[in-house]
Amino acid sequence: RGQRSEEERMALTHAQQVTRLYRKSLKHLLSWCIDRQTWRKEALDLRAKFDANKDIRDVKQATALLQQGEEVFRRNMHPDPYITPDAPEGSKWERNLPPPPHVLEMTPEEIQWYDEWMKHAPK
């Protein structure tokens, strides 16, 4: 999950790749920092790291920094990342879904049985 092929990665601009790495890192940081104040401090530190390199115009250097950032992200990944309960793969994903309407429709035999049962049911 989260792994992109070289072909898919090359379809994105450098700015898009950096933005995705930043957002992915911020979201993943929530798995390590449960307390919101601690997370905020870490998020500001992360932003400072990204901002420190935002003015680099040399393509080779920028690409190398992006690859280093991806490697740091992979090394620091949480072994059991937090997933919101209603998100795909979350603990409540697709739990207690309402049945589709066509399942609730009675067949002619069921309608006949129900009508017969209602005639003889105690009132």
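Residue Asn76 comes nearest to Trp32 through the heavy atom pair O-NE1, 3.0 Å, listed as atom of the first residue, atom of the second, then distance. What you find for Trp93 and Asp86 is that their closest heavy atoms are CE3-O, 3.0 Å. Minimum interatomic distance between Cys33 and Thr38 (heavy atoms only, all atoms of both residues): SG-CG2, 4.2 Å. Across all non-hydrogen atoms, the minimal contact from Pro81 to Ser31 is CA-OG, 3.3 Å. Here the closest heavy-atom approach between residue Ala43 and residue Leu26 is recorded as CB-CD2, 3.6 Å. Nearest heavy-atom pair across Lys24 and Phe73 is CG-CZ, 3.4 Å.
Side-chain contact between Tyr82 and Ile34 is absent, with no heavy-atom pair separated by less than 4.5 Å. Considering only heavy atoms from C-beta on, Glu71 stays 4.5 Å or farther from Gln67 through its side chain. Residues Leu46 and Tyr22 have side chains in contact (heavy-atom distance under 4.5 Å, counting atoms from C-beta outward). Looking only at side-chain heavy atoms (C-beta outward), Gln16 and Thr19 stay at 4.5 Å or farther from each other. Side-chain contact between Lys41 and Gln37: absent, with no pair of heavy atoms (C-beta onward) separated by less than 4.5 Å.
Taking a 6.0 Å sphere around CD of Gln112, one finds it holds 12 or fewer heavy atoms contributed by other residues, nucleotides or ligands. The local environment of CD in Glu110 is crowded, with over 12 non-hydrogen atoms from other residues, nucleotides or ligands closer than 6.0 Å. Atom CG of Leu97 is surrounded by more than 12 heavy atoms from other residues, nucleotides or ligands within 6.0 Å.
Both Leu66 and Met77 belong to a single network of hydrophobic side chains, linked directly or stepwise wherever heavy atoms of I, L, V, M, F, W or Y lie under 4.5 Å apart.
Cluster partners of Met118, by chain and number: Met106, Ile111, Trp113, Tyr114, Trp117. The rule joins Ile, Leu, Val, Met, Phe, Trp and Tyr whenever side-chain heavy atoms lie under 4.5 Å apart.
With rounding to the nearest 0.5 Å, the separation of CD1 in Ile56 from CD in Gln61 is 4.0 Å.
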